[in-house]
2 protein chains.
Amino acid sequence: MSRLNLTTQRKAILDLVQSCEDHPTAAEIMERLRMNGHQFAYGTVYNSLRYLTDAGLIRELKLGETASRYDGRTEDHYHIVCKKCGRVDEVLSAPPADWIREVAAKTNYDVHHSQVVFEGVCYSCKHPNA
Amino acid sequence: MSRLNLTTQRKAILDLVQSCEDHPTAAEIMERLRMNGHQFAYGTVYNSLRYLTDAGLIRELKLGETASRYDGRTEDHYHIVCKKCGRVDEVLSAPPADWIREVAAKTNYDVHHSQVVFEGVCYSCKHPNA
DNA sequence: AATTAAATTTATACTAAGTCTAAATACTAC
DNA sequence: GTAGTATTTAGACTTAGTATAAATTTAATT
């Protein structure tokens, strides 16, 4: 682990991701950077996203779509995806420790981490004319 | 939903996936089919895997790698991936219903399904010289 | 059994997301 | 200021998967 090196590009990308209410893909990040007057090389954006992810400053979300999404919230949390509209919301309740212990015991693994993606239908899609 | 139509190709692919102890990718499935003397078009394998998945005969696993994996076990279950060796094991304990209810209440979603991928270190990697 | 219609397979072109590479640029330490 | 390292850039390349159009198979109708 070496010292954190936030270049202009990395800083701009970090700021952008942290300012997002949603969970943009790399392509969406590039688009928003361009709208803010930045124009970085394609590879630089991917490089920086990986660097920032490795540094623990942002999170990469793999929600089962083709592209990864990025999240400026670094606390441990999960996500729920609406099957109808594709919207993604945060889930802050952690899986019960009992369950994790049970899984560790049954599988003989040291469990370090879990990714959970819930799928369902969001409030707006349930009540279309509210 | 129309009647199930298991062509020669689909049947061979279903048989193969069901006979696997592991969770092969589409590329691995093609390779194993070839070893069994089958030679199907590239697109047919993808088509068939989707067909079989939609029919509920196999499952598509998105474990955060670049390629999907396929699983002949159709009961509801989850997976745990070893960070060291990449091995994937089954997790048969379901997440506690209380937790799911809590998530549904907090997010205002109807929760239909959850995908859970645990990450950790498997027994063999923990005890390298056993 | 021959004819038509529908579904499926095949081969191949294409797309999307991301990685790799080599040259150019920027930063750091002396 | 110069040498050395790290980063950015542009663009080629890779991987996984989708789309398309022609050929083949299967099923239904007569």
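Computation of the quantities below employed the complete heavy-atom set of this structure, encompassing side-chain atoms and omitting hydrogens, waters and symmetry-equivalent molecules. Chain letters run A, B, ... following the sequence lines, proteins first, then strands; residues in each count from 1.
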Write down the distance between [atom1] ([X]) and [atom2] ([N]), rounded to a whole number of angstrom.
{"X": "Asp54(B)", "N": "dA7(C)", "atom1": "CG", "atom2": "C1'", "value": "16 Å"}
{"X": "Asn47(B)", "N": "dT20(D)", "atom1": "CG", "atom2": "C1'", "value": "12 Å"}
{"X": "Glu65(B)", "N": "dG18(C)", "atom1": "CD", "atom2": "C1'", "value": "16 Å"}
{"X": "Arg69(B)", "N": "dA16(D)", "atom1": "CZ", "atom2": "C1'", "value": "13 Å"}
{"X": "Tyr70(A)", "N": "dA17(C)", "atom1": "OH", "atom2": "P", "value": "12 Å"}
{"X": "Leu33(A)", "N": "dT9(D)", "atom1": "CG", "atom2": "P", "value": "11 Å"}
{"X": "Met30(B)", "N": "dG17(D)", "atom1": "CE", "atom2": "P", "value": "8 Å"}
{"X": "Arg3(A)", "N": "dC27(C)", "atom1": "CZ", "atom2": "C1'", "value": "12 Å"}

Compare side-chain N and O positions of [X] against OP1 and OP2 of [N] and report whether any pair is under 4.0 Å apart.
{"X": "Thr44(A)", "N": "dT9(D)", "result": "yes"}
{"X": "Asn5(B)", "N": "dA7(C)", "result": "no"}
{"X": "Gln9(B)", "N": "dT10(C)", "result": "yes"}
{"X": "Thr66(B)", "N": "dT15(D)", "result": "no"}
{"X": "Gln39(A)", "N": "dT9(D)", "result": "no"}
{"X": "Arg50(A)", "N": "dG18(C)", "result": "no"}
{"X": "Tyr46(B)", "N": "dG17(D)", "result": "yes"}
{"X": "Thr7(B)", "N": "dT25(D)", "result": "no"}

Inset, instruction - Quick one: pull up OG1 in Thr7(B) and OH in Tyr51(B) and give me the separation to the nearest 0.5 Å. - result: 8.0 Å
Inset, instruction - Please confirm whether any donor atom in the side chain of Tyr42(B) sits under 3.5 Å from an acceptor in the base of dG17(D), or the reverse. - result: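 A donor-acceptor contact between them is present.
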Inset, instruction - Run the numbers on His38(A) and Thr8(A) for side-chain contact (heavy atoms from CB on, under 4.5 Å), then give the verdict. - result: CA-CA 10 Å; His38(A) 294 292; Thr8(A) 316; 5.8 Å; no
Inset, instruction - Would you check if Ser124(A) and Arg87(A) make a side-chain contact, meaning some heavy-atom pair closer than 4.5 Å? - result: yes
Legend entry - Side chain to side chain, Asp98(A) and Glu102(A), heavy atoms closer than 4.5 Å: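 Sidechains of Glu102(A) and Asp98(A): no contact.
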Legend entry - Audit row: Glu60(A), Tyr70(A), side-chain contact (heavy atoms from CB on, under 4.5 Å) steps and yes/no: CA-CA 5 Å; Glu60(A) 180 182 11; Tyr70(A) 294 87; 3.8 Å; yes
Inset, instruction - Map Gly43(B) and Ala41(A) onto DNA chain D by nearest heavy atom, then report which one ends up closer to the 5' terminus. - result: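 With Gly43(B) and Ala41(A) compared, the 5'-side residue is Ala41(A).
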Inset, instruction - Please determine, for the side chain of Phe40(B), which listed nucleotide (dT10(C), dG17(D), dT19(C)) has the closest atom? - result: dT10(C)
Inset, instruction - Would you indicate which nucleotide in dG18(C), dT8(C), dA16(D) comes nearest to any side-chain atom of Ser68(A)? - result: dG18(C)
